[in-house]
Each structure stands twice: as structure tokens, then as C-alpha cells.
Visitor: 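Supplied in C-alpha cells, the structure appears directly below.
Chain letters run A, B, ... following the sequence lines, proteins first and then strands; every chain starts at 1.
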Amino acid sequence: MLSVQRQVHDAIAGAVRRHYGVADVPPFAVEVPPNRALGDLAVTVAFQLARTLRKAPRAIAQELAGALGDLPGISRVVAAPNGYLNLYLDRPSFLLARLRGDVAAALAPLEKTIVEHTAINPNKAAHIGHLRNAALGDTLARVLRFSGAPVEVQNYIDDLGVQVADIIVGFRELEHQTLDDVRRIAETTRFDYHCWDLYSRVTEWYEGDSARLTVRAAALHDLEHGAGDTAAIGAFIVDRIVRAHLKTMARLNIEYDLLTYEGDILRLQFWAHAFEILKAQGAVFLQTEGRLAGCWVMRIEEDGGESAATDESGDAREKVIVRSNGVVTYVGKDIANQFWKLGLLGRDFRYRLFSRQVDGRPLWATTSEASDPAAPPFGHARRIYNVIDSRQMYLQALLSQALRTLGHPQEAENSVHFSYEMVALSHATARELGYRIAPESEEARKPFVEVSGRRGLGVKVDDLLDLLIEKASSEVGKRNPEFPDAERRRVAAQIAVAAIRYFMLKYSRSKLIVFDIEEALSFEGETGPYLQYAVVRANNILLKLHEREGLTEADVVGALDAANAGEIIGANQVDQDDPHSLWAVVLEASRLEETVDQVVRTLEFSVLAKFAFGLAQTFNAFYHRYSILNEEQVEKKRWRAAGVAYFRAQLTRALDLMGIEVPSRM
RNA sequence: GCGCCCGUAGCUCAGCUGGAUAGAGCGUUGGCCUCCGAAGCCAAAGGCCGCAGGUUCGAAUCCUGCCGGGCGCGCCA
């Protein structure tokens, strides 16, 4: 069964063709009116036709209202004086169809989709900047799965990068420690936190004498060549930190399918292979003159691909892919990775089982050793999303450009840079973290303080979660003194996750988030816990209905009688268009599916967040006006209970898309 | 200099492919727990939607220019 909107649209388009003999009906919207008094759906077709028909919208609307006849699922059509067509749904059958599962969402074609997110440098603990990335990426994967796509979630691990080299330098040069020492530290400390502090000390150490950067270069070289202690220490650190990141993310209900290691891209000659392809197609060339002489470079095109971009001096801009010393840059390695994801490289990784995640889902990792024969197929995606902040726009554009140059325009089109703005700190929060800013400095005049892993300035994800859990735990304890400790902790953790994940999703992705602890710690108003609370209330009602009267949800639905549907129609109310009525809750709840469609189309999760919040608000208002358990008239009570059941189901699904669980009680 | 993003209520933000009186949270003020849980509900106050043009029957929304702020433009990643 198609959505009501679709049916209405097609029926009206048909009526326009018949009544006016218009072959091409102009596009028109079936939208939601601004308030209940204007019906359940509104159609703008009369405005679109006004010009071609040379008639007032009002007259057209009136003629159409008369010509439409019976529409499926619609009980009444009204032509508004201003030209809108306002439609009233057949409310009882609308709710019944949904409760009985007769309305199936139209699924998108099954395109294998890869979402890459998180990709934190494995040399320190995760901070809130990383959290925004992971929360967006995980929600993207959930939303795509909801709409029917098979999704593979990848987490890219830059195990051979400068940041890893830096932390190795920290252990060796600053702490004079060996691999065994590092192992011991990992066993006896909070290792990711230890590295967090050490990393900022290394940064200071470099700043103390720029000659020390040669130490970094040497470490990086050894790391890339798998040489000696450096490589061994690096591998150990990376493994420990990656596991710490995974543990942190698991607390937030974020899981992955595959860890892609940069080291394997090198060892398995992915880059060498991609390089051959790039050279053969002329996508890269050896620069022989100027400051980039000796480098293999890629010309940077304007977004249309027509004219070449130029720099300040008017020269064509070129991006170095292979340095004059023969070492490939990050961009080169990433091009190879993207080719592989799309099945264009002609090579594959080998795979090992890395761990089992909380719900038993296996986590695989790439390897250069023998492959586990049990590994499922990875890669070969039709569509890929790279969740990376907007600062990397240029590099992402280069990847698309490379695909186009190599004759893969479709793949370029299907490679999406899921871009979002960064997370910064409010001055108050930076101060709370012990960061001092000189009063008259340039930094003090800025509206925010930039997070910097390099300087050790940022809110660690685990610290934030711990704070939230502590606060939630005390709130839960106040309201539920009978809870055993374990239950209180479990619920507090669910509330903390809801608070932080909702906070990360409620802003549109083009908005820079100025993170403020005080604000993030709130459980009231537009927050995750508010949403959970609404569902918990609905759960309690249905639970009590079962306890007191032995009625299950199926019993309630089964006993609904359309002949006695006055409650949902609104016939019993003084104001039939009460914006806080049962019907308002049901209609709003039914908009989840179209909201998800919109989210997939726009990749904007604030839409989903606002929808869920608005739905919870509508329910709360209804809840305060109408009693359910204490309603004496049995038909009213049944319809209300049925509406509550539908609301609960829909908001629970919406929360699940945001990675938020519903506590038993809170 | 070039590119991208932001500018809507005191603060933080929604406003979908243009459409009906511009919305929410926080904060402020005032109400509501013998009744399904007050992490809640109701009400009030608060807005030349940065500015100026343009397109349109209709612009917070689309186009152009300007102003203010942020980010990016490396043989770093």
C-alpha cells in the first residue's frame, strides 16, 4: 500500500488531467498544513495551475474539490478561500491500517553502501570532535539501513601517520621507555588518557627546538618501513588505542563492520597498483620544474572540472601525490582506499576477525597476513559516504576528481563527502578544563576556543559520559529509590547516551557547535532524556493496562470498532481541531517514514531530531489533557490506548535511528 | 586573493523541493501534582528573519552585490 500522500497526489493529478485536459500537470506538493483546523493534508495545485488556466486559484480549488469524487483514505475535501485544497483523512482506518501493519514503506533499491566514519588517529583518547563524527556516521548508517540499503560501516585506522609517530617519540625520547615499558604502562594506567597527556608534551617538546622534528621524520620513516622497535611500539600503541576507541564508542551504541588499516594498503601494494592506474590515465604526472619539481602531482580543477584552479601567483594549482623523496602522501593512499571501496582497484585486502561487539556482531579488520576463510565479502559498494568534517573538503573533492578523470563519473557521483562543521569549546568550558587565555589576546576575542588534540585541549568522550552518568544516576535515584544499583547504573547510562547523542544530532551539520558542558548536561527541554521520558510514560500506561485489565496491545487493537470511532474522529470534543488531541498524536506519529525519506535525501539529521522532539511534545500535551486508564467510556479508552501504542512504536523507532534506547523506567 | 559555511526572539537553534498569523528550547514572569510519574503541562512577554537590490501572484526560503563572523587553500594528515 502506498502512502496516503502518494495516493492523494496521483488522484489529484488525474483529476486535473480529466477536468482541464492538461497533459502535463505542473509539480505540486501534498504538505502538512500549519494547523489542525486546516485539515490533515494541504495541496497547492491550484496555485500552480493559476497561470496556465488564467483563473484565480480560489476558483480552481473549488472546481477541483467538486470534481475529485471519492479519494482513497480521504473523508472530506475542502477548498479554502485562498486557493488551498484541504483534505481530511479517514481517521479510524488510517490508524487501524498502521497498527495492523498494512502500510509498508517503499524500500529503496538495494544498493550496497559503505559508510566510513570515526577514523580517529590512534594515538590518544577520543574527544567531542570525534564524537560528532561518530554520532553522525552511526546515525547515517542506521537511517540508510532503515530505508532498505545494505550498509557496511568502515573505520579507517591511520596506523602509520605522523600522530602515531609523535606518540612513539614521546615514549622513547621524553620518557626513555622501551616496548616492555610501554606494555607495562598500558596494563597499569588508563592508556588512552596517558597518551593524551604525553602527546601534548611531545608537541611542546617540538616547539622547544624545531631541530627535534628530524626525530619525528625518522620515526615516521621507520614506522612506514616496519623497522625495528619503532614499528613494534607503534603497532602495540595502535592496537591498544583502537581498542580503547571501540570501547568508548560501544558505550554510545556505535559499532562497525570493518577496520581498514593504512598499513595494509601499503603492504598489499594497493598504492602501487593505484599509482599505475593514475599514471596510465594521465591523472597524475611528474612535475619537472618549479617548486614541485620531482613530485608526482594532480592538477586541481574547479568544481565543474572545466578550468584549472590557480593560486595567488596565478599558477595552476597542483596537489602533490608522491613526494620528491618517493613517499606517497595521505591523499594517494586514500585514493587507493576509495578505489578499493568501489571495487575499481582489482585487488582485495585480507581479513582477520578482530573482536565480537556487544550484541555479538563480529568486527573484522584488514590484514596483510593470511585471510580468515570465514570472512564475508567487503567493499564493492555502489555508493560510499565519507563522514569527514568540512575542513577536508578540498581533499574529498580531489578524490571525486580522480574518479572522473579515470572515466568513472557515476562512481564519482556516488561518492559522497558527508561534510559537517567542527565542534569547538565555549570559553566557559575551556576555562573549566583549566585552559587559560590571555585577556586581551586574539584568542580571547574569538567566539569560541578550538579543540586541539595536539595541545591536549578538549573534552574526552569518556569523561563527558561519566559526568552525564553520574548526574543521571542521581536523578534516577531520586525518582526510583527502590532500584537496585545495577538497574540504576544501567538506566543512567541509557539516559547519558540519549543526552549526548541527541545533542550531537539536533544541530544541522553545517552549524559549528560551540560545546558547553553546562548545556550538554541538561536533561530538560529539547534533550534526549525528554524523548525517552515520553516513551517511558507511554510504556507505563500500556503496562498498567495489562496489569489491571489483562489487556495486551493486540487485544486493544483487535477490539477497535470503527463504528464507535468518535474519539479519534474528534466528535466527542468541544473543539474538533484540538491540536492536542489523540488524532494529532497519531497523525504526527505517522510522519516518521516521510521524515526518514527527507533525512536520506538531505542528509540532515536535525530534521529527524526535531521530528522526534515535536512528536514527544504532542504526546505530552495529549497526555496531560486526556486520561487513558481512568477513562470510563470503553470506546474512548480503547482508541486512546491504541493511539498510545502507535505513538510508542513510532517514537521508539525514531530513537533507535538516533542510537537512543528506551529505559524500562527512569 | 580564491573556495566553502554561518548571520532568524536576551542566549542556543528549527523553518523540507518558495506558499496560509515566522516556530522551539533555555532564560524571565505567572499558574498546574488527593487523578496514567512534574525529567512534565499551561500562559505571558520577547522578532525591519544582517543590509540593499532583483525574480515571483507570493521570499526567512531562489538570484546578485555588500557588511560581519568562521573554516580551508602544505612535498601534514
Side-chain angles (χ1 to χ4, degrees), chain A residues 27 29 31-35 38 42 44 47 50-51 56-57 80-84 86 121 158 161-163 262 287 291-292 294-297 300 302-303 309-312 317 319-325 327 329-331 333-334 389-395 397 419-422 424 446-448 450 472 475-476 478-480 495 506-514 516 519 522-527 529-530 532-534 536-538 540-545 548 580 594-595 598-599 601-602 604 606-607 609-610 613-614 617 620-621 623-631 644 665-666:
Chain A
E31 51 195 36
V32 180
N35 69 62
L38 298 168
T44 57
F47 297 105
R51 178 182 288 262
N82 58 5
Y84 274 95
N86 292 331
N121 273 304
D158 185 5
V162 175
Q163 296 210 15
E262 185 173 284
Q287 180 57 271
R291 58 190 171 89
L292 299 183
C295 298
W296 286 86
V297 301
I300 299 172
E302 294 290 349
D303 42 14
T310 55
D311 61 16
E312 316 80 49
R317 285 192 36 224
K319 176 67 195 173
V320 172
I321 306 299
V322 180
R323 303 178 181 99
S324 54
N325 65 4
V327 177
T329 62
Y330 156 80
V331 184
K333 286 176 280 194
D334 206 20
D389 77 58
S390 63
R391 288 174 290 191
Q392 298 211 37
M393 190 181 50
Y394 261 108
L395 299 176
S419 169
Y420 62 94
E421 279 291 332
M422 61 175 177
K446 279 197 171 188
F448 53 79
E450 196 170 343
E475 297 292 327
V476 171
K478 267 189 246 168
R479 294 168 175 81
N480 307 277
I495 292 171
K506 74 176 186 178
Y507 301 98
S508 34
R509 59 197 168 89
S510 57
K511 211 80 146 191
L512 184 143
I513 295 180
V514 180
D516 185 81
E519 201 185 336
S522 169
F523 294 160
E524 286 164 15
E526 195 195 339
T527 65
Y530 175 95
Q532 291 176 309
Y533 190 64
V536 167
R537 273 180 157 169
N540 280 344
I541 291 170
L542 296 171
L543 215 63
K544 288 198 167 135
L545 194 65
R548 295 180 192 176
H580 308 298
E594 61 177 275
T595 300
Q598 190 188 337
V599 167
R601 230 174 31 245
T602 60
E604 189 52 83
S606 61
V607 173
K610 301 287 173 190
F613 177 61
Q617 273 186 315
N620 274 332
Y623 170 95
H624 276 276
R625 280 181 183 70
Y626 301 89
S627 53
I628 294 128
L629 295 177
N630 299 323
E631 173 54 47
V644 171
R665 290 164 65 192
M666 64 188 280

Visitor: For A:S606 and A:E604, does a side-chain donor sit closer than 3.5 Å to a side-chain acceptor?
Guide: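 There is such a pair between these side chains.
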
Visitor: Using a heavy-atom cut-off of under 4.0 Å over every strand shown, decide if A:T329 touches base, sugar-phosphate, or nothing.
Guide: sugar-phosphate

Visitor: Tell me the stems RNA chain B sits in, counting at least three consecutive Watson-Crick or G-U wobble pairs, each under 3.5 Å on both distances.
Guide: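 Looking at RNA chain B, the stems formed by three or more consecutive pairs are B:1-7 with B:67-73, B:10-13 with B:23-26, B:28-32 with B:40-44, B:50-54 with B:62-66.
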
Visitor: Using a 4.0 Å heavy-atom cut-off, does A:L395 contact any base of the nucleic acid, only the sugar-phosphate backbone, or nothing at all?
Guide: base

Visitor: Choosing from B:C71, B:G19, B:C73, which nucleotide comes nearest the side chain of A:Y84?
Guide: B:G19

Visitor: With heavy atoms under 4.0 Å as the rule, sort A:F47 into base, sugar-phosphate or nothing.
Guide: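 Here A:F47 touches the bases of the nucleic acid.
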
Visitor: On RNA chain B, check which nucleotide each of A:G294 and A:E450 is closest to and give me the residue with the more 5' one.
Guide: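 Comparing both residues, the 5'-ward one is A:E450.
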
Visitor: Scan nucleotides 34-45 of chain B nucleotide by nucleotide, 5' to 3', and note B when protein non-hydrogen atoms come under 4.0 Å of the base, S if they reach only the sugar-phosphate, - if neither.
Guide: -SBBSBBSS---

Visitor: Do A:E421 and A:S390 have side-chain N/O donor and acceptor atoms under 3.5 Å apart?
Guide: yes

Visitor: Indicate, with a heavy-atom threshold strictly under 4.0 Å, whether A:D334 touches base, sugar-phosphate, or nothing.
Guide: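 A:D334: no heavy atom of the nucleic acid under 4.0 Å.
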
Visitor: Output, in order, the C-alpha distance, side-chain angles, deciding distance and verdict of ring pair (Phe, Tyr, Trp, His ring centres under 6.0 Å) for A:Y530 and A:F613.
Guide: CA-CA 8 Å; A:Y530 175 95; A:F613 177 61; 5.2 Å; yes

Visitor: What's the closest nucleotide to the A:K511 side chain, out of B:G7, B:A77, B:G25?
Guide: B:G7

Visitor: What nucleic acid atoms does A:E31 come within less than 4.0 Å of, heavy atoms only: base, sugar-phosphate, or nothing?
Guide: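 Answer is nothing: A:E31 stays at 4.0 Å or more from every strand.
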
Visitor: The side chain of A:V162 is closest to which nucleotide in this list: B:C13, B:U12, B:A77?
Guide: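 Selected nucleotide: B:A77.
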
Visitor: Before we go on, tell me: are the rings of A:Y84 and A:F47 under 6.0 Å apart, centre to centre?
Guide: yes

Visitor: Considering only B:G70, B:C5, B:A14, which nucleotide approaches the side chain of A:K610 most closely?
Guide: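 Side chain of A:K610 sits closest to B:A14.
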
Visitor: Identify whether any heavy atom of A:A534 sits under 4.0 Å from a base atom; if not, whether one sits that close to sugar-phosphate; answer base, sugar-phosphate or nothing.
Guide: nothing

Visitor: Closest to the A:E421 side chain: B:A20, B:G15, B:G70?
Guide: B:G70

Visitor: With side chains defined as the heavy atoms from C-beta onward, is the minimum distance between A:R537 and A:N540 less than 4.5 Å?
Guide: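 Not in contact.
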
